[in-house]
Amino acid sequence: KEELRKFRDAGIRIYHPNYEGWDERLFAWLCPGKNSYIGRQQWIERILDARDIFGASCVIPNFVAGVEMAQPHGFRTVEEAIRSTGEGLEFFMSRGVTPRFTTWCPEPLSSLGAQEPAPLEYHLRLLQVYRDTLEKYGLGPPPGYGLPGAGQAVFSVSAFMDVLPAPAATSASS
């Protein structure tokens, strides 16, 4: 944790660890370097350590939405994939940490490049689970992604903010 304090003291305010996917078996397959050099459990512990240094709302792990359906080892059904990622959201959000998503887009020259991305149903259901889990734990949207609400996304990795409730409009008193 001392190393993290140095970064915070130097002015860094937000930490974005790339978590990728929640399932332990898939983490080992999809993230062989992270798995061999650090390990899944240590990766989780580092995220929670960062929460203690930067504050829960300023630690924003990134899940790659849909990659858990990559074959041959990924989940075969949307239901299984949503259940797994939902467990990850539940784990982090129950500890005050609000993850975010980037959408998995198979890169043509990668080992997963010939695959189809996850179906639209997966992404729609994931956004529902994300919104509902945030609400369950009384968490706000992560900082730095613009305002929540439909049509408010400010860049490609903030589209998940569209499913969150927009702030209530305030009226000026006369």
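Positions are given from 1 along the sequence.
Distance check, rounded to the nearest 0.5 Å: CE of M161 to OH of Y145 gives 9.0 Å. Here T133 contributes atom OG1 and F91 contributes atom CZ; the two are 14.0 Å apart, rounded to the nearest 0.5 Å. Here the CD1-CG distance, from I53 to L48, works out to 12.0 Å after rounding to the nearest 0.5 Å. The line from CE of M93 to CG of L134 is 4.0 Å long, rounded to the nearest 0.5 Å. Taking CZ from F63 and CH2 from W22, the interatomic distance works out to 6.5 Å, rounded to the nearest 0.5 Å. A distance of 9.5 Å separates CZ of R25 from CG of L30, quoted to the nearest 0.5 Å.
Between V78 and M69, some side-chain heavy-atom pair lies under the 4.5 Å cut-off. Put simply, the side chain of P117 does not reach to within 4.5 Å of the side chain of C105, judged on heavy atoms. Put simply, the side chain of I14 reaches to within 4.5 Å of the side chain of P143, judged on heavy atoms. P32 is not listed as a side-chain neighbour of F27, based on a closest heavy-atom distance of 4.5 Å or more. No side-chain heavy atom of E24 sits less than 4.5 Å from a side-chain heavy atom of Q41.
Not a single side chain to side chain donor-acceptor pair (under 3.5 Å) links N35 to another residue, sequence neighbours left out. Taking the side chain to side chain donor-acceptor pair (under 3.5 Å) definition, one finds that R46 meets it with nothing, sequence neighbours left out. Judged as a side chain to side chain donor-acceptor pair (under 3.5 Å), and not counting sequence neighbours, the contacts of Q71 are R76. In this structure Q115 satisfies the side chain to side chain donor-acceptor pair (under 3.5 Å) test with no other residue, sequence neighbours excluded.
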Only distances under 3.5 Å count here; give the side-chain donor-acceptor pairs of residues 82-90 to other protein atoms, sequence neighbours excluded, each with its distance to 0.1 Å.
| residue | atom | partner | partner atom | Å |
| --- | --- | --- | --- | --- |
| T85 | OG1 | E68 | OE2 | 2.5 |
| T85 | OG1 | A81 | O | 3.3 |
| E90 | OE1 | K136 | NZ | 3.3 |
| E90 | OE2 | K136 | NZ | 3.0 |
| E90 | OE2 | Y137 | OH | 2.1 |

Can you give the donor-acceptor pairs under 3.5 Å from side chains of residues 54-62 to other protein atoms, not counting sequence neighbours?
| residue | atom | partner | partner atom | Å |
| --- | --- | --- | --- | --- |
| N62 | OD1 | R100 | NH1 | 3.3 |
| N62 | OD1 | T102 | N | 3.3 |
| N62 | ND2 | N18 | OD1 | 3.4 |
| N62 | ND2 | T102 | OG1 | 3.2 |

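Across P142 and Y130, no two heavy atoms sit closer than the pair CD-OH, 3.7 Å. Scanning both residues, L126 and A65, for their nearest heavy atoms gives CD2-CB, 3.6 Å. Heavy-atom minimum distance, V163 versus R131: O-CD, 3.2 Å. Of all non-hydrogen atoms in G149 and D162, the two that sit nearest each other are O-OD1, 3.2 Å. The two residues P106 and L112 have their closest heavy-atom pair at CB-O, 3.5 Å.
By the criterion of side-chain heavy atoms lying less than 4.5 angstrom apart, applied directly or through intervening Ile, Leu, Val, Met, Phe, Trp or Tyr residues, L127 is not grouped with V67; the two fall into different hydrophobic clusters. At a threshold of 4.5 Å between side-chain heavy atoms, the hydrophobic network of Ile, Leu, Val, Met, Phe, Trp and Tyr places F160 and L124 in two separate groups. Grouping the Ile, Leu, Val, Met, Phe, Trp and Tyr side chains by contacts below 4.5 angstrom, directly or via other members, places F92 with W43. Under a hydrophobic-cluster definition in which Ile, Leu, Val, Met, Phe, Trp and Tyr are linked whenever side-chain heavy atoms come within less than 4.5 Å, directly or via other members, F101 and L120 are assigned to different clusters. Residues I47 and Y37 share a single hydrophobic cluster, defined by chaining ILVMFWY side chains whose heavy atoms lie under 4.5 Å apart.
Proximity of the aromatic rings of W104 and Y122 is defined here by a centroid distance below 6.0 angstrom, and this criterion is not met.
Within 6.0 Å of CD in E116 there are 12 or fewer heavy atoms belonging to other residues, nucleotides or ligands.
We find that R125 and E121 are joined by a salt bridge, their nearest charged nitrogen and carboxylate oxygen being less than 4.0 Å apart.
Geometrically, R5 does not engage F7 in a cation-pi contact defined by less than 6.0 Å to the ring centre and at most 45° from the axis.
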Would you check, one step at a time, whether the test side chain to side chain contact (heavy atoms under 4.5 Å, CB included) holds for R40 with Y19?
CA-CA 9 Å; R40 179 179 178 269; Y19 192 77; 3.3 Å; yes
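A donor-acceptor pair under 3.5 Å links the side-chain atoms of E80 to the main chain of T77, judged by distance alone.
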